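Structure, as structure tokens:
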Amino acid sequence: MGFELSEPVRARRCYDSTLRLQRAAETRERIVAAGSELLHGSPVRDWQALTVRAVAERAGVNERTVYRHFVNERGLRDAVMHRLEEKAGIDLARLRLEDVADAAARIFEHVSSYPLKPRPLLGPTLTKAGQRRRKALLGAVAARTAGWPEADRVVAAAMFDVLWSVASYERLVAHWQLDRKQAIRGISWVIRLVEEAVRKGWRPS
């Protein structure tokens, strides 16, 4: 005849198991929250501060505890990234075309809470070329937007500047693996859309 646990013992074991799961979930949450807090002290793209040791110290646990919840530092960083997306209100798995603009706005609103990373200084020739480009774009926009507030003109010219930039081209080629012609065609397509918006008086505000 097998040994059977009494009802109170079974209930106690079930309670203990539930309590352990609850405490484990609370510890994991504390670890992820600590990682998110650590990142807020650095530029949004600088994750060097997010180490297992730093997160453990911030969360008030030892490093072994962190590794019980996350296989490695990459797993920890992935969990923190998902938390940041949640904070920004972004659900990439359910993203629809009509959600893209609002999603981008929420992302940038969240990013704005981080300190900006200083940009490396360009040489005098490139700095001067950038100034001339911005002046030319402002002039081109101003010529077609007589009734616009100055702030809207600057935003429109800045959008052209972003699309015109080498960084935009390089991102399309390096990250999206577009060939030269595809990248140029894509950028030109969006520039023409912005041009049309300006000509039709569709202000950015």
Side-chain angles (χ1 to χ4, degrees), residues 36 39-48 50 77-78 80-205:
S36 179
L39 285 181
H40 264 87
S42 306
V44 70
R45 296 173 70 91
D46 183 1
W47 286 55
Q48 294 182 4
L50 190 61
R77 291 184 173 190
D78 286 349
V80 172
M81 174 58 78
H82 287 304
R83 174 56 51 83
L84 297 180
E85 290 175 357
E86 288 175 1
K87 283 186 175 182
I90 304 301
D91 185 355
L92 294 177
R94 299 181 181 180
L95 185 68
R96 301 173 302 167
L97 180 62
E98 53 268 32
D99 299 330
V100 173
D102 288 340
R106 287 195 296 271
I107 289 172
F108 292 136
E109 186 67 33
H110 182 73
V111 167
S112 69
S113 67
Y114 291 78
L116 287 175
K117 184 177 182 178
R119 301 298 299 270
L121 295 176
L122 299 174
T125 299
L126 292 177
T127 298
K128 187 68 174 179
Q131 292 170 348
R132 287 189 291 108
R133 183 178 68 249
R134 287 190 291 274
K135 182 179 179 180
L137 289 169
L138 282 167
V141 170
R144 301 297 293 266
T145 56
W148 285 25
E150 182 63 19
D152 284 347
R153 292 178 182 172
V154 172
V155 170
M159 294 304 98
F160 284 123
D161 191 39
V162 169
L163 293 166
W164 187 323
S165 71
V166 174
S168 296
Y169 171 83
E170 290 178 339
R171 183 175 181 86
L172 293 174
V173 173
H175 291 264
W176 286 89
Q177 298 183 341
L178 301 185
D179 63 31
R180 175 178 60 86
K181 291 183 178 180
Q182 289 174 320
I184 294 172
R185 187 168 69 246
I187 291 174
S188 299
W189 172 54
V190 180
I191 287 176
R192 283 193 293 271
L193 291 175
V194 179
E195 286 176 356
E196 181 182 8
V198 171
R199 286 195 302 271
K200 291 184 176 180
W202 299 338
R203 290 164 41 193
S205 61

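This one's a predicted model, so the numbers in the text were calculated from it and none came from an experiment. Values below: all heavy atoms of this structure, side chains included; hydrogens, waters and symmetry mates excluded.
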Which atom pair, heavy atoms only, marks the closest approach of Tyr114 to Leu84? OH-CD2, 3.3 Å
Side-chain (Arg133) to main-chain (Trp164) donor-acceptor, under 3.5 angstrom: no
If you round to the nearest 0.5 Å, how far is NZ of Lys135 from CG of Leu138? 10.0 Å
Could you check whether Arg83 pairs with Glu86 (Lys NZ or Arg NE/NH1/NH2 to Asp/Glu carboxylate O, under 4.0 Å)? yes
Count the heavy atoms belonging to other residues, nucleotides or ligands that lie under 6.0 Å from CD of Gln182, then report whether that count exceeds 12. yes
With a 6.0 Å cut-off (strictly less than), is the heavy-atom count around CD of Gln177, excluding the residue itself, greater than 12? no
Enter the distance from Thr127:OG1 to Leu121:CG here, rounded to the nearest 0.5 Å. 7.5 Å
I need the minimum non-hydrogen distance between Ile191 and Phe160, along with the two atoms involved. O-CE2, 3.7 Å
Answer yes or no: are there more than 12 heavy-atom neighbours, outside Gln48 itself, under 6.0 Å from its atom CD? no
Where do Trp202 and Trp148 come nearest, in terms of heavy atoms and distance? O-CH2, 3.7 Å
Taken to the nearest 0.5 Å, the spacing of Leu92 CG from Ile107 CD1 works out to 6.5 Å
Can you give me the closest heavy-atom contact between Ile187 and Ser168, atom names plus distance? CD1-C, 4.3 Å
Between Glu195 and Arg192, does any NZ, NE, NH1 or NH2 come within less than 4.0 Å of an OD or OE carboxylate oxygen? no
I'd like to know if the side chain of Ser113 and the backbone of His110 have a donor-acceptor N/O pair within less than 3.5 Å. yes
Any side-chain heavy atom of Trp47 sitting closer than 4.5 Å to one from Met81? yes
Indicate yes or no for a side-chain donor-acceptor contact from Asp152 to the backbone of Pro149 under 3.5 Å, with no hydrogens or angles considered. no
Closest approach of Ile90 and Ala103, non-hydrogen atoms and distance? CD1-O, 3.3 Å
Would you indicate whether the side-chain heavy atoms of Ser36 and Lys87 approach each other to under 4.5 Å? yes
What distance separates Arg180 CZ from Leu172 CG, expressed to the nearest 0.5 Å? 14.0 Å
When you measure from the side chain of Arg77 to the backbone N and O of Leu50, does any donor-acceptor pair fall under 3.5 Å? yes
Strictly distance-based, threshold 3.5 Å: is any side-chain N or O of Arg153 a donor or acceptor partner for the main-chain N or O of Gly139? no
